[in-house]
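Chain letters run A, B, ... following the sequence lines, proteins first, then strands; residues in each count from 1. The figures that follow rest on heavy atoms only: side chains count, while hydrogens, waters and symmetry mates do not. This structure is a prediction, so every number in the text was calculated from the model and none was measured.
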Amino acid sequence: MWEITVEAIRLIARGDAEVLEIAALSLRVTAASVLASCAIGMPLGAAVGAFAFPGRRAATAALSALMGLPPVVVGLAVYLLLSASGPLHWLDILYSPAAMVLAQTLLVTPLVAALTREVVAGRAAEYRDLFASLRAGPLLRLRALLLDARGALATVALAGFGRAIAEVGAVIVVGGNIAHHTRVMTTAIALETSKGELELALALGLILLGISLGVNAAVMLLRGPSGALAA
Amino acid sequence: MTPRLPFGALLLALSLSALAPALAPARADEDAGAGDPLILLSTTSTENSGLLAHLLPLFEAQSGIEVRAVAVGTGQALRAAARGDGDVLLTHDRTAEERFVAEGHGTGRRDVMYNDFVLVGPAGDPAGIAALDEAPAALAAIAARGAPFASRGDESGTHRAEMRLWAEASVDPLPASGTWYREMGQGMGAVLNAAVAMDAYALTDRATWAAFGNKRGHRILLEGDPRLFNPYGVVPVDPARHPGVNADAAEAFASWITGPAGQAAIASFEVDGQRLFVPNAGS
Amino acid sequence: MSGAPPPLIEARGLTVEAPGETPRRRLLDGVDLAVPAGGRLVVMGPNGAGKTVLLRALHGLVPHGGTLLWRGRPAPPGPRRGQALVFQRPVLLRRSVLANLRFALAAAGAPRRVRTPRAEAALGEAGLLHLAHRPAAVLSGGEAQRVALVRALLAAPDLLLLDEPTASLDPEATRAVEALLARAAAAGTALVLVTQDPGQARRLGGEGAILRRGRIAARGPVAALPVGGAWGPLDDGGPAGLGAAP
């Protein structure tokens, strides 16, 4: 384990161009998909958590179930959509970072939505009479609930980030693990493992862990010392 | 809950979007330049051995065509190509490649090179196959002994070659699946990792084995049987059947890799001083 | 009906049933009351008598039976424009005091550019401007309730419904809230105040009603009502005898 750590540090220290390129693509693809997932999943989850409508329990169950989708299934579904024989072939993004973002967005959005619903539901009950009394419209209610839960939602976004950046099954199917184009940390780790370069694979894993730690630390700092879940 | 807490989520979103100009450049460079990049559907053996990393920069420099190589099993590569999700195949299952052409998906198959399969196993060699010359006899000995054997089990070119050898040995390993016969359902490298861990025998292409970094006590126990010949072919996907393919670049690649420059590049590829692929176009 | 203007709000035979219970149980059982524009009604009664339910029914937060007239017409469903409700425990959004008021103005449809000045003006009139940028979550109970009151009055309602607004406040904070109530009353806002505090009832004055088991048991000018805190034996829900203690 010591040699592996040394190897990871050596890779970073000498600024290995390929490792940096792969790490940067991992970050960019993950960031874009988390952003898209939050834009879709947070209002969606908040709506399910805040409003009574027919089928609400079914929607809640569906979100929770989708949260457990195996990445490779999502990857296959996106692959079949984007394939030259698929309905979305005109997008022409199979084997590209855009396809990876699409797959990860589908993967992470249910997670973000389900966790957002969880965060918002309790508060929505607390605010329900107030909102009704003030005659606040649905959009205003959603905005208020999301804004009030901002601290907890930062944690939700981080959970989505964690799921996306650690995921290999979906991105390897739709991205193809193409060197200098769609190779990210996880697919590179899978490749090095299959080449029997286990130490290198683990070193890359350590770097991935470092990236995750860095992003989490950055968000914690942005939220401030006591920022916390209280908000 | 301090007063001037920044809106965590919003700031996160902002910081993420700062990182996110991921896609724009990626798509922009697809549209730039003389032509679209070439999608090469190839096998894990060409990727894991380092052959593609050796060949593709040479081709790109000489042709000006950017190549994007997707390395999967031969079976998966052929199915992806049959959907139109790639421009050219570099695979090693002649029967399946010829069927692919016959079904109208490819313009034609050309020989490119060959390497060979080898049987690897633990240095102790419990089934004693190192003393044998013929692969089917070795498999029969492994079966008789009940020694662990790690199979790809994934319909790849290597897996199909293995199944042909079992048939020739008149042994059906499938009833023993789950006991000494272990169908991994994974790529070559994963199967080799597992074989090393389980003290199991395995059939592998020589190139992947040579470049494999986790051999431990495993070594080649049987090689040189003509039945272990492993030919690679190149097949451009037919634009008449799949209009979206990059046919010109595919033909350029097929011509280059079967031409003098490509053949010389294959011949010059070595791992640890060992030549892994023998060019045989036009032979 | 004569030429006199109708009451601002009027209930006839108002009933509310406990939700989801069989056999059905009435929380309000035939309440009649009327409050004229600018009038005052103080509602008292033991715990569980239905005081909070009455306010919620008047406001439109719970479905009701019987007749409810708002400005002389059948009340539309849902909380009605021109009414505001102050809860026993103030509910404030987790953001600054000013932002809480801006939110209420946004909900009332006020144009964006007037929200901040109007919110600041309202805080200033209530002597609370120093709290404008304080996060609502760090306010004391008395401050929070006064902010909630200012918020309720922002849209200049004709009827303000108050549910024991000082139940958990110390005497000083109680006086501050009552001062705001007096200002609103003086400005012509009709009040319906639920309280357990006989002193508060007398200080506010006006009409009074005692609610017991979902019915009005006594009514008349507050000063003349038997509000000595002796409804222990009739307590419907809470521990006997505790009803009058704030």
Distance col, row B/T44:OG1 vs A/K195:NZ, nearest 0.5 angstrom, shows 12.0 Å
Rounding to 0.5 Å, atoms CG (A/N177) and CZ (B/R68) come to a distance of 13.5 Å
Ranking A/S33, A/S83, A/G175 by heavy-atom pairs under 4.5 Å to chain B gives rank one to A/S83
_Worked check of side-chain contact (heavy atoms from CB on, under 4.5 Å) between B/D85 and A/H89_ = CA-CA 9 Å; B/D85 294 333; A/H89 65 91; over 6 Å; no
From the list B/T208, B/V191, B/N48, side-chain contact (heavy atoms from CB on, under 4.5 Å) with A/S194 holds only for B/N48
The interface call for B/A53 against chain A, heavy-atom contacts under 4.5 Å, is neither
Cut-off 4.5 Å, heavy atoms of chain A, and the answer for B/L40 is neither
When every non-hydrogen atom of A/G196 is compared with those of B/F212, the smallest separation belongs to CA-CE1, 3.2 Å
Note: B/R83 and A/A84 closest approach over all heavy atoms is O-CB, 3.4 Å
*Crowding at CZ, B/R241 (>12 non-hydrogen neighbours, <6.0 Å)*: yes
| task | Taking the side chain as every heavy atom from C-beta outward, state whether A/L191 and B/E47 have any atom pair closer than 4.5 Å. | result | yes
Assert top hit (heavy-atom pairs under 4.5 Å, partner chain A, pool B/V72, B/I39, B/V70) equals B/V70
*Report yes or no: do A/T193 and B/N193 form a side-chain donor-acceptor pair below 3.5 Å?*
no
